[in-house]
Amino acid sequence: MRLSVIGCGYVGLVTGACLAEAGHDVICADIDASRIAQLKAGQTPIYEQHLDKILVSAGKAGKISYTADAGEAIRFGDAIFICVGTPPRPDGSADLSAIDHVAQQIAAEARSPKLVVEKSTVPARTGIELQRALSGYSRGNGGFRVASNPEFLREGTAVEDFFHPDRIVVGVEDPTAAEQLREIYRPILEHQFTCPVHNGKCPDTHKAEFLVTTISSAELIKHASNSFLALKISYANAVADLCEKLGANVEEVTHAMGLDPRIGTQFLKAGLGFGGFCFPKDIQAFISLAATVGVDFEILKAAERVNKQRIDRFFDKVSKALWVVKGKRVAILGLAFKANTDDIRFAPALEVMKRLLEEGADVHACDPKALEKAKRQFPHAHYHDDPYKALEGAHAAVICTEWDVYKKIDWDRAGKLMARKLVVDGRNLYQPEKMKALGFEYSSFGRE
Ligand code: UDX
């Protein structure tokens with residue numbers, strides 16, 4: 001099928017690339033002409049595992065193309081996936097102006113009926129408004145049908161998540177739109193693709209459910225799912241605080257909790273809390289959406305508060321351990337908001353770095369992928385590709401991102417390089433007894 005993707009950020013580029021790799025003819029558009037130039041030059045503007053590989057193969061197969069001219073893209077596709085940003089406004093509600101802008105472009109540029117698919121994360125009822133706007137901007141003769149198709153991709157595993165979804169949710173007002181979307185996803189649903197992640201030998205071939213509902217329900221499913229995952233993390237972090245007070249071990253507590261399939265082991269990892277461009281803004285948008293209809297989403301406000309407290313708690317641990325922070329050399333291991341991404345948006349690590357710099361610490365940071373982006377935000381810190389360089393002469397090491405490479409640090413060697421054998425672990429990567437046996441002063445979350 002001929003598909004258009006408007007917005008080449010994480011969601012748009014992964015969606016466009018994977019749909020092209022699955023056999024559709026895809027054109028990707030973005031207002032950022034330099035990003036389009038990069039893509040046309042065969043460069044991948046974001047770090048996402050396997051993405052560069054499928055952009056190359058889909059490009060070679062002539063299945064994907066790029067344009068900075070939205071009109072060209074709009075006229076090309078039978079279905080148009082809107083994947084533009086919906087950043088938070090100061091009051092926490094989602095800024096939908098980019099979606100509205102695309103709606104005006106579609107009404108002006110389309111020359112044939114279009115299925116307009118919302119893929120950006122939006123508050124419930126956005127699709128209804130979009131449908132109304134399209135008909136208004138096209139003076140009622142547009143032939144546009146709107147559908148919602150929220151994505152559940154995680155950064156770092158987005159390509160795998162696209163080809164191996166737990167579910168594909170479509171929200172429609174008419175069944176023909178649902179049928180068109182089922183056709184678009186048929187290769188994924190029926191495993192008719194060569195998986196770029198598992199080179200065709202996919203371990204798990206469970207059949208994803210293709211779930212058809214209304215537009216508003218589909219939109220709400222996204223916010224409700226993300227907010228619940230964030231809530232689960234904050235619950236684990238609140239339990240961690242209790243464990244510290246009661247002398248229990250949060251890792252053992254959450255492990256035992258997770259063995260109950262009604263709870264599940266995932267997203268119960270206590271630590272520095274959640275960051276990234278999804279959870280923080282989706283919780284805010286959901287709280288603000290609820291407020292517009294008179295619902296006080298207290299439980300999510302609490303989850304947000306617990307999450308924000310993580311930085312304070314962590315900084316208390318670091319300053320207590322160091323006694324005086326000013327003038328101390330502190331190594332920060334990990335800057336990205338989580339492992340396997342170069343994304344530092346709303347990264348807890350950057351909050352920690354900001355506080356350390358404000359306190360006059362001599363910060364030496366490292367991260368396998370996010371250094372360049374962090375340097376632009378915090379030019380005053382020192383940056384190292386090699387964690388052992390960052391640890392050299394350090395009075396303390398603070399662990400902020402759960403990269404595998406940091407799980408394998410040789411602390412015997414690191415201890416000899418450091419000025420003081422002191423580790424404050426914000427991601428509970430190490431065993432307290434092992435670190436203490438190596439002569440380290442060691443603290444983490446929910447374990448003492
Ligand atoms: C999330 C959702 O998982 C995904 O379905 C949605 O489409 C977009 O938002 P992402 O933001 O990429 O994806 O990150 P995710 O892997 O969910 O992690 C979010 C944050 O929670 C990270 O900062 C991570 O470090 C933190 N986290 C995750 C925890 O602190 N504890 C956990 O147990 C799991």
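Read the numbers this way: they start at 1 and go in the same order the structure lists the ligands and their atoms.
Among all protein heavy atoms, the one lying closest to atom 32 (C) of ligand 1 is Lys269 CB, 3.6 Å. Shortest contact from atom 3 (O) of ligand 1 to any protein heavy atom: Arg154 CG, 3.2 Å. Counting protein heavy atoms only, atom 9 (O) of ligand 1 is closest to Cys278 CB, 3.0 Å. Regarding atom 5 (O) of ligand 1, its nearest protein heavy-atom neighbour is Phe152 O, 2.9 Å. Among protein heavy atoms, atom 1 (C) of ligand 1 sits closest to Phe279 CE1, 3.4 Å. Protein heavy atom in closest approach to atom 27 (N) of ligand 1: Ile233 CD1, 3.5 Å. Here the protein heavy atom with the shortest distance to atom 12 (O) of ligand 1 is Glu155 N, 2.7 Å. Closest to atom 4 (C) of ligand 1, if we only count protein heavy atoms, is Leu153 O, 3.3 Å.
Cation-pi geometry between Lys232 and Phe267 is not satisfied (NZ or CZ under 6.0 Å from the ring centre, within 45° of the ring normal).
Heavy atoms of Gly276 come nearer than 4.0 angstrom to ligand 1 in no pair at all. At a 4.0 Å cut-off, at least one heavy atom of Glu402 sits close enough to ligand 1 to count as contact.
Counting only heavy atoms from C-beta outward, the side chains of Glu21 and Ser57 approach each other to under 4.5 Å. Proximity of Val250 to Arg447: side-chain heavy atoms (C-beta onward) are separated by under 4.5 Å at one or more points.
If you look at Phe277 next to ligand 1, there are no close heavy atoms at all, none under 4.0 Å. When non-hydrogen atoms are compared, ligand 1 lies under 4.0 Å from the backbone of Leu268 (N, CA, C, O) but not from its side chain.
Lys421 contributes a side-chain N or O that, together with a main-chain N or O of Leu438, makes up a donor-acceptor pair within less than 3.5 Å. For Asp30 (side chain) and Ile6 (main-chain N/O), no donor-acceptor pair under 3.5 Å exists by modelled atom type.
Within a 6.0 Å radius of NZ in Lys436, other residues, nucleotides and ligands contribute more than 12 heavy atoms. Crowding of Lys373 atom NZ: a count of heavy atoms from other residues, nucleotides or ligands under 6.0 Å exceeding 12.
The pair Glu190-Lys207 does not count as a salt bridge, with every side-chain nitrogen at least 4.0 angstrom from each carboxylate oxygen. Salt bridge status for Arg355 with Asp312: present, with a side-chain N to carboxylate O gap under 4.0 Å.
Near Asn226, with a cut-off below 4.0 Å to any heavy atom, the atoms of ligand 1 are 2 (C), 4 (C), 5 (O), 6 (C), 8 (C), 9 (O). Close approach to Gly273 involves these atoms of ligand 1, each under 4.0 Å from a residue heavy atom: 23 (O), 30 (O).
Judged purely by distance below 3.5 Å, without hydrogens or angles, the side chains of Thr292 and Arg125 never pair a donor atom with an acceptor atom.
Taking distance alone, with nitrogen or oxygen atoms compared against 3.5 Å, Gly275 approaches ligand 1 more closely than that limit. Looking at ligand 1, you'll find an N or O of Phe337 within less than 3.5 Å of one of its N or O atoms.
For atom 17 (O) of ligand 1, the choice among Phe274, Phe267, Tyr10 with the nearest heavy atom turns out to be Phe267. Taking each of Lys222, Arg427, Lys338 in turn, the one with a heavy atom nearest to atom 30 (O) of ligand 1 proves to be Arg427.
When each of Asn226, Leu229, Ile221 is checked for a side chain to side chain contact (heavy atoms under 4.5 Å, CB included) with Phe152, only Ile221 meets the rule.
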